[in-house]
Amino acid sequence: MTEPIQIRACVLRGPGALATETVSLAAAGAGQIRVRLAAAGVCHSDLHLADGELGNGRWPAVIGHEGAGVVEAVGDGVTHLAPGDHVVLAMIVPCGACAACRRGDRTLCEVAGARGYAGTLADGSSRLTGAGGETLQHGFGVGCFAEQAVVTADGAIPIPRSLPLWQAALLGCGVLTGFGAVHHAAGIGIGDRVCVIGCGGVGLQAIAAAKLAGAAQIIAVDRRDDKLEHARRRGATHTVLSGDADAAQEIRSLSQGGVDVALEVVGAAATIRLAWDALRPGGTAVVVGVAPVGVEVALPALEFLSQKRIIGSYYGSADPAQSLGRLVELADTGRLPLGDMVSHRIELDGIPEAFERLRRGEGDRSVVVLDPELAGTSADGNRPTPDHRVEERP
């Protein structure tokens with residue numbers, strides 16, 4: 001198919017200006033594929049983008065970056081994928097040649113970063129056009145809050161058909177980010193004492209990853225009791241309500257002097273400072289949460305004498321394609337449960353309300369079910385239905 005097709009998509013026209021529209025999607029070009037989306041996760045980064053907190057000039061755009069689906073068509077030069085393949089999408093496609101890629105920091109690829117900010121595919125193009133003939137950006141270089149998407153082929157990772165697509169969608173960002181922060185950025189290992197601040201979609205994945213890595217103690221920190229209860233089910237050994245008088249002191253007491261690693265998965269000045277204050281001397285704070293433009297954090301300079309460190313982690317801090325391949329294997333073999341991470345399954349029109357839940361700190365991941373038949377079955381054998389609360393949690 002070479003003619004543009006009409007699809008329904010969630011379009012951002014400006015900060016807070018979000019609606020479902022009918023847009024045109026051009027055919028896949030060289031090095032690209034067209035994917036029929038089965039499901040897409042609603043990530044906090046999507047909310048930051050929709051609220052205009054990640055910088056100007058990032059609209060109009062079809063947003064959404066955490067998706068999975070089935071290949072419909074391939075462009076010239078694409079040989080590793082074929083129509084019918086099931087894939088999960090990655091929002092970073094490293095160029096392999098820039099200074100960051102050459103030193104091994106592939107999530108910091110300079111070329112991919114510029115493309116992601118501009119909302120284009122790897123060749124600098126957009127395949128999306130609005131009803132008025134205007135060019136639309138691909139949000140974060142993907143744009144998967146839509147019935148179909150054209151993406152750079154190297155950013156589509158094949159997955160087995162046995163892995164339900166409504167679950168696989170989470171791998172493309174939330175799972176990759178949480179696991180990568182634990183294994184690559186922090187290097188958490190057997191016997192480490194860890195705290196995870198923020199028990200939303202990414203934070204819960206970080207807890208699961210820390211458990212798999214052999215952490216002796218995992219302290220979950222959140223402002224909501226229901227999220228702390230879910231954190232315990234995912235592997236947390238202790239919980240701290242962040243509204244307590246002195247959460248940092250409580251964490252230090254539980255960990256007998258401070259944790260080895262504190263993972264901040266909120267993106268706020270107060271929680272970044274909490275991660276720092278929770279550390280033992282020589283410990284490491286890893287900032288995973290995305291903070292809006294302009295947020296600054298103050299740290300007591302004298303405490304650097306204790307050899308504490310604070311570092312960032314972006315999109316798993318490793319090669320996205322390699323990491324996703326390993327996570328797919330964990331999920332497909334049952335060692336990485338995904339279904340219980342989803343609190344709401346919604347339709348395309350439900351994205352604004354999903355964003356409101358994120359603002360209120362309610363629920364875990366919302367997943368947009370774009371094609372119920374392709375999305376697959378839940379653990380209890382029922383087809384995903386719009387706005388259906390997942391019931392397979394214990």
Side-chain angles (χ1 to χ4, degrees), residues 44-45 48 53-55 100 103-105 107-108 177-178 180-200 202-203 206-207 209-210 213-224 227-228 231 236-318 361:
H44 220 114
S45 297
H48 284 318
E53 295 177 339
L54 299 182
R103 66 174 179 261
D105 295 329
T107 57
L108 302 181
T177 298
V182 166
H183 290 283
H184 300 294
I188 291 170
I190 295 171
D192 282 346
R193 296 179 184 275
V194 179
C195 76
V196 177
I197 301 168
C199 298
V202 176
I207 289 169
Q217 184 181 47
I218 305 171
I219 303 171
V221 184
D222 202 276
R223 63 185 180 181
R224 294 179 61 96
K227 290 197 172 186
L228 292 178
T237 59
H238 301 78
T239 59
V240 170
L241 198 62
S242 60
D244 291 351
D246 193 342
Q249 178 57 44
E250 189 172 354
I251 295 167
R252 290 195 299 268
S253 177
L254 287 170
S255 57
Q256 301 176 25
V259 293
D260 302 298
V261 176
L263 294 146
E264 193 277 351
V265 202
V266 179
T271 47
I272 293 171
R273 177 59 190 269
L274 176 58
W276 176 267
D277 291 340
L279 295 174
R280 63 161 174 80
T284 301
V286 183
V287 179
V288 185
V290 178
V293 171
V295 171
E296 296 184 357
V297 181
L299 298 174
L302 186 63
E303 292 188 18
F304 285 105
L305 294 177
S306 68
Q307 297 183 197
K308 290 183 179 181
R309 296 192 309 150
I310 184 165
I311 62 173
S313 178
Y314 177 50
Y315 203 54
S317 302

### From R309, K308, R280, R193, residue fulfilling salt bridge (charged side-chain N to carboxylate O under 4.0 Å, His left out) relative to D260
R280
### Message
When you compare the side chain of V194 with that of V182, does any pair of heavy atoms fall below 4.5 Å?
### Response
no
### Query
Can R223 and S242 be counted as having a side-chain donor-acceptor contact under 3.5 angstrom?
no
### Summary
For H183 and A209 the tightest heavy-atom approach is NE2-O, 3.8 Å
## Note on the structure
OG (S255) and CD (Q217) are apart, to the nearest 0.5 Å, by 5.5 Å
### Query
Under a 4.0 Å N-O cut-off, is there an ion pair linking D222 with R224?
no
#### Entry: side chain to side chain contact (heavy atoms under 4.5 Å, CB included) between V295 and I272, intermediate numbers included
CA-CA 11 Å; V295 171; I272 293 171; 5.7 Å; no
### Task
Check P281 against G257 and note the closest heavy-atom contact, atom names and distance.
CD-O, 4.4 Å
### Query
CD1 of I251 to CD1 of I197: how many Å apart, nearest 0.5 Å?
5.0 Å
### I188 side chain near L263 side chain, heavy-atom distance below 4.5 Å
yes
### Task
Of all the heavy-atom pairs spanning V286 and A186, show the shortest one and how long it is.
CG2-CB, 3.9 Å
### Message
Can you tell me which residue among I310, V287, V297 is in a side-chain contact (heavy atoms from CB on, under 4.5 Å) with W276?
### Response
I310
### Task
Could you pull out the closest heavy-atom pair between S45 and L54, with the gap in Å?
O-CD1, 3.9 Å
### Task
Kindly write out the residues that satisfy salt bridge (charged side-chain N to carboxylate O under 4.0 Å, His left out) with R252, not counting sequence neighbours, or none if the list is empty.
none
### Query
Should the heavy atoms of other residues, nucleotides or ligands under 6.0 Å from CG of L305 be counted, would the total exceed 12?
yes
### Query
Any chance CD of Q307 has more than 12 other-residue heavy atoms, nucleotides or ligands included, within less than 6.0 Å?
no
### Task
Drop me the distance from L274's CG to L279's CG, to the nearest 0.5 angstrom.
9.5 Å
### Query
With no hydrogens and no angle check, is any side-chain donor or acceptor of T239 less than 3.5 Å from a backbone partner on A220?
no
### Task
Could you pull out the closest heavy-atom pair between L228 and C199, with the gap in Å?
CD2-SG, 4.4 Å
#### Entry: ring pair (Phe, Tyr, Trp, His ring centres under 6.0 Å) involving H238 - partner list, sequence neighbours excluded
none
### Message
Which residues pass the side chain to side chain donor-acceptor pair (under 3.5 Å) test with T271, not counting sequence neighbours?
### Response
E264
### Query
For the atom pair CD (E250) and CG (L241), what is the distance rounded to the nearest 0.5 Å?
8.5 Å
#### Entry: Over all atoms of both residues, closest heavy-atom pair of G203 and V196
O-CG1, 3.7 Å
